[in-house]
Asks: 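Shown below is the structure under consideration.
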Protein chains: 2
Amino acid sequence: MLKEDRHNIILEETSTNGSSSFQLLCKKLAVSEDTIRRDIRELDSRGLLKAVRGGAVSVSRIPHHYREREHTDIEQKKVIAKKALTLIKNKQVLFFDGGTSVLELAKILPADLNVTIITNSFPVANALEDHPLAEVIFLGGRLNKMSFATFGNETLKGISKFKVDIYFFGICSISTSSLSCKDLEDAELKLAMMQHSVKTVGLCTWDKVNSESTYFIRETKELDILITEKDKSASPSKPFTKLGIEIL
Amino acid sequence: MLKEDRHNIILEETSTNGSSSFQLLCKKLAVSEDTIRRDIRELDSRGLLKAVRGGAVSVSRIPHHYREREHTDIEQKKVIAKKALTLIKNKQVLFFDGGTSVLELAKILPADLNVTIITNSFPVANALEDHPLAEVIFLGGRLNKMSFATFGNETLKGISKFKVDIYFFGICSISTSSLSCKDLEDAELKLAMMQHSVKTVGLCTWDKVNSESTYFIRETKELDILITEKDKSASPSKPFTKLGIEIL
DNA sequence: CAATATTTTGCAAAATATCGCAAAATATAG
DNA sequence: CTATATTTTGCGATATTTTGCAAAATATTG
């Protein structure tokens with residue numbers, strides 16, 4: 001096996017898992033730990049990953065405060081993302097907003113899926129960086145440094161240029177009457193994305209169901225599909241079914 | 001067997017597997033390892049694959065990531081960035097393109113500087129994340145996964161909405177007659193940024209001075225200031241001074 | 001601070017690369 | 001067709017690089 005091949009495998013392992021260990025890698029590649037150690041040091045010096053004690057972590061331009069938010073309820077979000085994935089077909093054009101469940105979906109997008117993703121979220125764009133087929137259109141605008149996404153009039157105008165197949169909506173708060181969130185500009189953005197997509201799919205962990213926040217986005221009944229981590233037969237989903245929303 | 005046939009087999013083997021080794025190839029083709037070695041060296045020089053220790057890897061597999069570029073000549077780039085910093089005043093609005101020297105400038109921007117930075121580069125936006133005062137406007141468009149920056153018509157239209165104070169131009173190639181670069185879309189973008197700024201400041205490591213690339217951007221004389229890591233009294237900067245360009 | 005795990009360092013063996021050269025193959029000229 | 005030049009190929013000797021091991025140094029944990 002070529003050193004180059006080893007390097008590629010190490011990079012792939014590191015970027016897909018976020019990290020990799022000497023122990024695992026030296027077993028997988030059938031070389032000594034020292035060799036892996038030297039490989040990782042070399043890749044580090046080239047800036048392709050970061051060597052740490054015990055192995056390596058992937059370099060990411062995405063700030064840590066975002067990462068922290070990301071890690072809450074990660075398992076539920078993965079379940080939600082898997083369900084959402086079944087809705088995506090080849091050649092579709094999709095809106096992805098800055099929600100963390102949506103980000104999870106971006107991460108598990110299969111490599112053979114050929115889609116165009118329009119987003120205002122840096123983390124989403126970053127997750128799709130190594131995807132071979134996904135075309136990414138980034139929405140311009142003023143950068144919000146907290147959520148690491150763009151907002152404002154420019155972003156809204158950008159959205160209005162499209163009419164996409166599906167909008168994957170990261171839900172902040174949902175009640176039987178309204179969809180709402182904690183930030184005015186985020187509310188404006190989410191409304192615009194709903195208006196410029198054929199179908200809106202809400203991604204939502206259970207704890208956000210039946211809650212309301214300051215900024216109204218739109219009536220809940222405008223939602224087409226709602227995905228949570230629970231089974232669709234779970235009782236509190238009934239009121240939503242009555243509104244004509246499909247539960248997944 | 002013709003040499004051409006061997007070359008074709010080597011290329012096919014390399015591109016289908018992503019890599020190929022001398023050992024395998026010399027067995028498969030029933031020639032000595034030296035012959036394969038020479039073949040691969042020739043194919044490398046023609047840019048059809050990349051020779052590495054032990055064999056060859058396919059060129060498509062080697063993404064020219066900015067992450068890799070970022071680490072070369074880092075010290076020179078820091079010197080350049082420090083000089084560029086002296087040009088920036090409070091309340092100014094600036095264009096930053098995706099050059100690595102420009103990125104270095106974004107990294108060292110003092111915390112008390114209150115500026116608006118308009119960029120198409122994710123790394124630049126990311127570098128400014130922790131800056132308390134810098135407002136960041138991100139230019140939308142199609143995301144290029146290699147350079148991790150946006151390009152295309154949308155991006156150009158975004159640029160045309162502004163007339164900024166200074167454009168910090170990451171130079172790819174500069175001769176006394178022309179500014180040029182290796183990518184058509186990058187050339188378009190750089191031209192647009194020049195046209196929509198009052199002053200253009202070129203950031204350029206010495207090794208790029210007096211070189212030319214495929215895509216013409218604009219006449220060199222349109223540049224207002226040129227910054228390199230060398231002292232301005234360095235002799236080869238004279239021809240540029242003659243064009244009315246200030247050297248820093 | 002001791003016990004343990006991890007990393008660094010120097011080193012020798014193995015693998016790989018380079019160089020010069022001569023034999024073989026191919027091309028060119030008369 | 002023959003003689004000569006040119007290119008290609010394989011071989012052996014000699015660098016250079018890579019690899020795994022063991023001891024020493026360093027970091028981590030309780």
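FYI, side chains are in, hydrogens and waters are out, and symmetry mates aren't considered; it's all heavy atoms of this structure. First the proteins, then the strands, lettered A, B, ... as listed; each starts at 1. Predicted, not measured: the structure shown is a model, and the values here were computed from it.
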Asks: If I take atom CD in residue A/E33 and atom P in nucleotide C/dT9, what distance separates them, rounded to the nearest angstrom?
Replies: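 It works out to 16 Å between those atoms.
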Asks: Among side-chain atoms of B/D186 and B/Y215, is any donor-acceptor pair under 3.5 angstrom?
Replies: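 Per modelled atom types, B/D186 and B/Y215 side chains form no pair under 3.5 Å.
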Asks: Counting only side-chain N and O atoms of B/R37, is one of them less than 4.0 Å from OP1 or OP2 of C/dT16?
Replies: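 Indeed not, no polar side-chain atom of B/R37 lies that close.
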Asks: Quick check: on DNA chain D, is the nucleotide nearest A/M1 upstream (toward 5') of the one nearest B/M1, or the reverse? Name the residue that is more 5'.
Replies: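 Upstream on the strand: B/M1.
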Asks: Please determine, for the side chain of A/K3, which listed nucleotide (D/dG10, C/dA15, D/dT19) has the closest atom?
Replies: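 The closest nucleotide is D/dT19.
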Asks: Can you sort out the partners of B/T205 under side chain to side chain donor-acceptor pair (under 3.5 Å), two or more places apart, ordered by chain and number?
Replies: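 So B/T205 forms a side chain to side chain donor-acceptor pair (under 3.5 Å) with B/D207.
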Asks: Does OP1 or OP2 of C/dT16 have a side-chain N or O of B/Q23 closer than 4.0 Å?
Replies: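 So the side chain of B/Q23 is within the cut-off, an N or O lying under 4.0 Å from OP1 or OP2 of C/dT16.
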Asks: Under 4.0 Å between any heavy atoms, over every strand shown, what does A/E42 touch: base, sugar-phosphate, or nothing? Just pick one.
Replies: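 Counting heavy atoms under 4.0 Å across all strands, no contact is made by A/E42.
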Asks: Assess the side chains of B/N17 and B/E13: does a donor N or O sit below 3.5 Å from an acceptor N or O?
Replies: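 Indeed, the side chains of B/N17 and B/E13 share at least one donor-acceptor pair under 3.5 Å.
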Asks: Is there a side-chain contact between A/R38 and the phosphate of C/dT9, meaning an N or O under 4.0 Å from OP1 or OP2?
Replies: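 So the side chain of A/R38 is outside the cut-off, no N or O lying under 4.0 Å from OP1 or OP2 of C/dT9.
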Asks: Side chain of A/R6, heavy atoms from C-beta onward: which of C/dA15, D/dT9, D/dT19 has the nearest atom to it?
Replies: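 The answer is D/dT19.
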Asks: Please determine whether a side-chain nitrogen or oxygen atom of B/T35 lies at a distance below 4.0 Å from atom OP1 or OP2 of D/dG10.
Replies: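 Answer is yes, contact under 4.0 Å.
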Asks: Would you give the length of the straight line joining atom CD1 of B/I137 to atom CG of B/N120, rounded to the nearest 0.5 angstrom?
Replies: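 Nearest 0.5 Å value for the CD1-CG distance: 13.5 Å.
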